[in-house]
Every structure is written in structure tokens, then in C-alpha cells.
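Quick note on labels: first sequence line is chain A, next is B, and so on, each numbered from 1.
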Amino acid sequence: MKIATYNVNGINARLPVLLRWLKETKPDVVCLQELKSPDEKIPKQEIADAGYNAIWHGQKRWNGVAILARDMEIKELGRTLPGDPEDVQSRYIEADINDLHIGCLYLPNGNPAPGPKFDYKLDWFKRLTGRAKELLEIDRPVILTGDYNVIPTEKDVYKPERWIDDALFRPETRAAYEKLLAQGWTDAIRKLYPEETIYTFWDYFRNAYSRNAGLRIDHFLLNEHLNDRLLDAGVDKSVRGWEKTSDHAPVWINIKD
DNA sequence: ATGCCGATGCGTCATCGA
């Protein structure tokens with residue numbers, strides 16, 4: 001089974017690219033982030049016509065997450081993280097699909113740092129870590145995937161020294177990611193490719209993509225039930241080179257059914 | 001060194017993203 005995550009940066013602006021990518025790569029499950037669309041404007045019919053069931057948690061202008069599945073029922077389990085009833089940003093959705101329990105997340109960017117946005121990022125991270133702890137109690141396969149807005153190590157950025165003070169790379173952010181992993185999660189890409197340069201995002205400007213000036217910030221975290229089922233993982237890098245594309249590329253894993 | 005690009009909204013610019 002192939003599971004993918006893709007920050008589309010606007011689902012309506014990205015629809016042709018999204019539909020082409022779905023058709024060409026046929027993922028079984030897809031987690032989307034940055035829909036930038038209220039629920040009523042999400043292109044539900046086009047997604048259904050492409051052969052996917054879907055659940056979404058949209059929001060006007062910003063954020064927004066969705067889970068798509070081909071030929072499988074999606075049982076929604078929640079669309080908020082515990083810990084802050086005041087938080088209205090659409091950044092999380094969780095569902096059961098067959099034997100898999102999947103959380104789709106869009107972690108806050110956090111810039112400029114320090115500041116209130118960075119505080120929100122770290123607080124959101126804490127709440128995610130709390131939910132992740134609960135999910136580890138479930139005795140079944142769990143996947144936490146999406147745009148983490150975290151550059152985990154120096155290997156994951158084209159020029160680390162330029163990102164030292166950035167919210168994606170600051171010590172607090174990396175420590176929060178480390179703490180999450182230490183609960184018992186596996187970073188699927190790094191498990192399979194411990195040393196390779198792998199990016200999932202390239203800025204729109206400064207010819208970042210053609211210079212391969214990228215970041216690895218979209219991640220797949222797997223619990224121990226998936227340790228022996230991970231077959232492969234990768235980034236559909238070429239999609240980043242398409243016309244009218246997102247600044248992120250889709251990331252995927254293949255697991256044993 | 002730098003939102004330089006791109007998307008959204010009730011908009012002709014501000015705000016967000018990373």
C-alpha cells in the first residue's frame with residue numbers, strides 16, 4: 001500500500017497538478033496540507049471523479065488538511081489536537097483506513113522567531129507530542145505524516161548556516177522533533193536512506209529548485225507496528241518541476257499490506 | 001542580504017508561507 005503526503009499550497013490553484021499526480025502515481029492514501037480553502041470550496045467532485053474518497057478540515061485563506069483514500073473507507077476520528085480549545089487553525093485530521101490509524105498534520109511555520117508565532121509552533125508541537133503519546137498506546141499500526149516545518153538535521157538543508165535562526169531549524173524546534181521521535185517513532189525516509197541528501201521543499205524564488213537548494217520538512221513517522229512492513233519511501237521530486245506547481249513535492253512510503 | 005514567488009480575499013494591496 002502506497003501512502004503519500006503533499007503540501008499543495010492551495011488545493012484549488014493546484015488542482016490540475018494534484019489530479020495529474022494522482023493519476024500518474026496512484027497512491028492508495030494521500031494526506032494533503034495547506035488547502036487554503038473553506039470546506040465549501042474544496043473540489044470534492046473532481047477528487048471523487050479521480051477515484052478518491054476524502055475527508056477534509058478546511059479554513060478560509062490559510063491552513064487546511066485532508067485525507068484521501070482510493071477504494072477504502074475513511075473513518076474520521078478527530079480534527080483537533082487536545083490541549084487548546086481556543087485554537088481555530090485547521091492543521092490536524094485523524095482517521096482509520098483499513099488497519100491503519102493515520103494522523104495528517106500541518107505544523108505551524110513559527111517565523112519570525114522568537115516571537116508569538118514561534119511560541120504557537122512550540123505549543124502546537126507539545127500538543128502533537130501529547131497526542132502522539134496517546135496513539136502509541138493503540139496496539140496497531142499508526143502513521144503521523146505531513147508538513148512538520150522541521151529541518152531535523154544539517155543533512156536536511158542545503159546550507160545549514162543560513163538557517164540557524166530560522167523557526168524550522170532552531171534548537172528548540174529540532175529538540176521538539178527529537179523528543180517526539182524518542183517516544184518510539186521512526187522517520188521512514190531516514191530509516192531507509194540514513195545518509196542521502198533528500199529534500200521535500202524548494203523555495204519558489206532564487207531558482208531554488210534548479211539549484212537544488214531544498215529542505216526536508218515533510219515527514220513520515222511510523223510506530224513499531226510498521227517496523228517490518230516498510231518496503232520503500234521516496235519523494236516525487238519531478239512534480240516540483242511541473243508548471244503551476246507547489247513549493248513542496250509529494251513524499252510517499254510503501255508498506256506491506 | 002533579501003519574501004526575490006505564489007495564493008488568497010472583497011482586494012487594486014496586505015498577509016501569509018519557509
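- Comment: D28(A) engages R70(A) in a salt bridge, judged by a side-chain N to carboxylate O separation of less than 4.0 angstrom.
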Output a table of nitrogen or oxygen pairs between the protein and nucleotides 10-14 of chain B separated by less than 3.5 Å.
| residue | atom | partner | partner atom | Å |
| --- | --- | --- | --- | --- |
| dC10(B) | OP1 | K60(A) | NZ | 3.2 |

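- For the P atoms, the distance linking dC10(B) with dG6(B) amounts to 23 Å, nearest Å.
- With dG17(B), dA7(B), dG3(B) as the choices, the nucleotide that has an atom nearest any side-chain atom of K117(A) turns out to be dG17(B).
- For R14(A) (side chain) and N9(A) (main-chain N/O), a donor-acceptor pair under 3.5 Å exists by modelled atom type.
- Looking at residues 148-173 of chain A, you'll see N149(A), L168(A) sit with a heavy atom under 4.0 Å from some atom of DNA chain B.
- Of the candidate nucleotides dA7(B), dG17(B), dG3(B), dA7(B) has the atom nearest to the side chain of K36(A).
- Judged by closest nucleotide on DNA chain B, S37(A) is the one of N63(A) and S37(A) placed further toward the 5' end.
- One C1' atom belongs to dT12(B), the other to dT2(B), and the distance between them is 25 Å to the nearest Å.
- Residue N7(A) is in sugar-phosphate contact alone, with no base atom involved, counting any heavy-atom pair closer than 4.0 Å across all strands shown.
- A heavy atom closer than 4.0 Å to some atom of DNA chain B occurs in K244(A), H248(A), these being the qualifying members of residues 240-253 of chain A.
- Taking atom C1' on both nucleotides, dA1(B) is separated from dC13(B) by 25 Å, rounded to a whole Å.
- Using modelled atom types and a 3.5 Å distance limit, the side chains of N63(A) and H57(A) yield no donor-acceptor pair.
- Residues V30(A) and I3(A) fall into different hydrophobic clusters, defined by Ile, Leu, Val, Met, Phe, Trp and Tyr side chains chained together at heavy-atom separations under 4.5 Å.
- Remark: K41(A) pairs with N12(A), S37(A), P38(A) by the side chain to side chain contact (heavy atoms under 4.5 Å, CB included) rule, at least two apart or across chains.
- When distances run from any side-chain atom of W62(A) to the nucleotides dC16(B), dT8(B), dG17(B), the shortest one goes to dC16(B).
- Within the 3.5 Å criterion, the main-chain N or O of W202(A) finds no donor-acceptor partner in the side chain of Y158(A).
- Applying the 4.5 Å side-chain rule to ILVMFWY residues, one finds L81(A), Y92(A), L105(A), L107(A), Y120(A), W124(A), F125(A), L128(A), L135(A), L136(A), I138(A), V142(A), L144(A), Y148(A), V150(A), Y177(A), L180(A), W185(A), L221(A) in the same cluster as L181(A).
- For E196(A), the side chain to side chain contact (heavy atoms under 4.5 Å, CB included) partners two or more places apart in sequence, or in a different chain, are Y193(A), I198(A).
- Comparing the same atom, C1', in dG11(B) and in dC16(B) gives a spacing of 15 Å after rounding to whole Å.
- Counting only heavy atoms from C-beta on, A13(A) has its side chain closest to dA7(B) among dC5(B), dT2(B), dA7(B).
- Only the C1' atoms considered, dT8(B) is 16 Å distant from dG3(B), to the nearest whole Å.
- In this structure, the CZ atom of F201(A) is 17 Å from the P atom of dC16(B), given to the nearest Å.
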